[in-house]
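Beneath this line is the structure, given in structure tokens, with notes to follow.
Residues take their numbers from the sequence shown, with the count starting at 1. The model shown is predicted, which means the values in this text are computed figures rather than measured ones.
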Amino acid sequence: MAKGGRFLLLGAGLVGGLLAIALAEQGAEVVLSGAGPSSSATAISYGGVPWWAGAKTELGLLQKQAPEQWQRLEQRYGDLGLHKAELLLHWQAALGEAALQQALAVIPQGLHRLSGAELQEYEPLLAGAALGGAVVLPYLRLDPLKLLRGLESCYGQLGIKRRGSLYGEPLVEAIAGSDHTVVCAGAKTAELLEHMNLPLPALLQLSWAGALQLPGHGLKGQRVVMPLQSRRREQEQIQWQAGPTALLDAGLAPAPGGEGLLVGQTSWFECPINAAPTEQQDRRALAAAFDLLLPSITEADQSNSLWLQRPVSFSRDGLPLLGALKAGAFQQEKALSVCAGFSTAFALVPALMPFFAQALLDNNWGNLERLGLLANRPCPS
């Protein structure tokens, strides 16, 4: 496919937004379809950029470029909500020293390690928390709402056309008027592909994420508190096996827009996209985060919190899915690709979208195949 061309991107969250920018920067005509920030999973995320967490592979090296990629975008297009921050990775007092050392072995060395008592002094919001300790890492954080609002400004500067969510005949017409359609709608990718009579990539799965926005409370500066051992990430890798219905990764972050505190997060793996966990179920699971991290917060304060829930997509092997889907009757002769299943999205997406944009413009998937990211790769055994 010649450079330029007409692209329809279905999904206006983090992935769709940065892909639209990467394509437009190279001269493509881009239409970006999707609802605004309020419906995006990005809007309730912690916004962390763990650029140092990648493996010693080519993909990991790309992830390490995330700070430079975000700074480049801000220099060109203005404020996207990027802040220097700290990450506090905590563990419970019951975790044995051998298990602790094993968990610490996969993160950067030479870190500032805090005992449980030192942690409570370091972050006053954790006063009374029964934690064994934490390590403090350098971090970057993007405020999710500032980011998504800033992206909307980028679209205007680059001439990217915005449309609402497309279904039915308007979707058929939009695809017909484009040279290439990319489905990059996160958890809604499944719904869109079903509407097109196309199968979901074998590796792509869905879960529900929940958190609470607690007004009147805040961390000491730009900090994010997360567990050293992520139960969600572990469960995503073994989703095809039997597992618990809901998991909790007890964490804290500044709430979207800086309005209070974000407390969570739950992950529900056995609820289909059309049958989300109820607020009562999710609040009951999230209560354990208060017990562990915020024992001084009263039940009355908890009851005043705003409940937030979004569906999210993930990949069974932990790597995103990018590339062409097989042709189907719906799209006729039009090219169709998918871009979904990101983990550590705020670190991987800014580095990968220029690669993906180049592949789309050149119709050459060699670099993505070398990175092991093609959407039609088989499930692990």
Side-chain angles (χ1 to χ4, degrees), residues 13-14 17 36-53 66-67 70-71 73-74 78-90 112 114 119-127 129 131 134-151 209-228 230 232 248-267 282-283 286 289-290 292-297 301-302 304-310 312 344-347 349-350:
L14 175 68
S38 61
S39 66
S40 170
T42 303
I44 69 165
S45 71
Y46 287 4
V49 186
W51 75 89
W52 34 258
W70 282 116
Q71 289 162 8
L73 288 168
E74 285 206 325
D79 184 15
L80 297 176
L82 182 67
H83 300 278
K84 287 186 177 180
E86 288 182 328
L87 174 63
L88 278 64
L89 291 178
H90 68 79
H112 185 196
L114 302 170
L119 175 59
Q120 293 182 40
E121 183 176 353
Y122 192 78
E123 176 46 66
L125 196 61
L126 299 174
L131 296 173
V135 290
V136 185
L137 292 87
Y139 214 41
L140 286 176
R141 180 182 173 272
L142 290 117
D143 182 289
L145 288 186
K146 287 184 180 180
L147 168 64
L148 291 170
R149 290 167 183 160
L151 289 177
L212 295 172
Q213 185 170 340
L214 183 67
H217 297 274
L219 291 155
K220 189 176 179 180
Q222 286 290 333
R223 285 180 175 170
V224 173
V225 179
M226 294 177 64
L228 175 63
S230 171
R232 176 183 64 84
L248 172 71
D249 283 318
L252 307 170
E259 299 181 3
L261 185 70
L262 200 62
V263 183
Q265 291 181 343
T266 50
S267 298
D282 212 13
R283 280 186 177 273
L286 286 163
F290 286 93
L292 180 64
L293 300 179
L294 302 170
S296 63
I297 302 297
D301 280 345
Q302 293 182 40
N304 290 328
S305 60
L306 174 66
W307 176 59
L308 305 169
Q309 184 186 70
R310 298 289 188 276
V312 297
T344 61
F346 291 91
V349 173

For the pair [X] (side chain) and [Y] (backbone), establish whether a donor and an acceptor sit closer than 3.5 Å, ignoring hydrogens and angles.
{"X": "Glu74", "Y": "Leu82", "answer": "yes"}
{"X": "Tyr46", "Y": "Gly251", "answer": "yes"}
{"X": "Asp249", "Y": "Gln265", "answer": "no"}
{"X": "Trp70", "Y": "Phe346", "answer": "yes"}
{"X": "Arg141", "Y": "Pro254", "answer": "yes"}
{"X": "Thr266", "Y": "Gly210", "answer": "yes"}
{"X": "His90", "Y": "Ala250", "answer": "yes"}
{"X": "Gln120", "Y": "Ala129", "answer": "yes"}
{"X": "Gln213", "Y": "Glu259", "answer": "yes"}

I'd like to know whether Lys220 forms a salt bridge (charged side-chain N to carboxylate O under 4.0 Å, His left out) with Glu123, so could you lay out the CA-CA distance, the side-chain angles of the two residues, the decisive distance to 0.1 Å, and finally the verdict.
CA-CA 6 Å; Lys220 189 176 179 180; Glu123 176 46 66; over 6 Å; no
Among Leu308, Val224, Leu306, Leu212, find the one that has a side-chain contact (heavy atoms from CB on, under 4.5 Å) with Leu262.
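The side-chain contact (heavy atoms from CB on, under 4.5 Å) with Leu262 is passed solely by Leu308 among Leu308, Val224, Leu306, Leu212.
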Check the orientation of Tyr139 and Trp52. Use parallel for under 30°, tilted for 30 to 60°, and perpendicular for over 60°.
tilted
Just verifying a value: how many Å separate [X] [atom1] and [Y] [atom2], rounded to the nearest 0.5 Å?
{"X": "Tyr122", "Y": "Glu86", "atom1": "OH", "atom2": "CD", "answer": "3.0 Å"}
{"X": "Asp301", "Y": "Leu261", "atom1": "CG", "atom2": "CG", "answer": "11.5 Å"}
{"X": "Leu145", "Y": "Ile44", "atom1": "CG", "atom2": "CD1", "answer": "10.5 Å"}
{"X": "Leu142", "Y": "Leu14", "atom1": "CG", "atom2": "CG", "answer": "8.5 Å"}
{"X": "Asn304", "Y": "Ile297", "atom1": "CG", "atom2": "CD1", "answer": "11.5 Å"}
{"X": "Leu119", "Y": "Leu293", "atom1": "CG", "atom2": "CG", "answer": "9.0 Å"}

What are the two closest heavy atoms between [X] and [Y], and how far apart are they?
{"X": "Pro50", "Y": "Thr344", "value": "CG-CG2, 3.9 Å"}
{"X": "Pro67", "Y": "Leu140", "value": "CB-CD1, 3.7 Å"}
{"X": "Gly264", "Y": "Leu286", "value": "CA-CD2, 3.6 Å"}
{"X": "Leu80", "Y": "Gly150", "value": "CD2-C, 3.7 Å"}
{"X": "Gln222", "Y": "Lys84", "value": "CB-O, 3.4 Å"}
{"X": "Ala41", "Y": "Val312", "value": "CB-CG1, 3.8 Å"}

Are Leu248 and Leu292 close enough that some pair of their side-chain heavy atoms sits under 4.5 Å apart?
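They are not in side-chain contact.
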Quick check: do Leu252 and Val263 have side-chain heavy atoms less than 4.5 Å from each other?
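A side-chain contact under 4.5 Å exists here.
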Step by step, work out the side chain to side chain donor-acceptor pair (under 3.5 Å) result for Ser45 and Arg310.
CA-CA 10 Å; Ser45 71; Arg310 298 289 188 276; over 6 Å; no
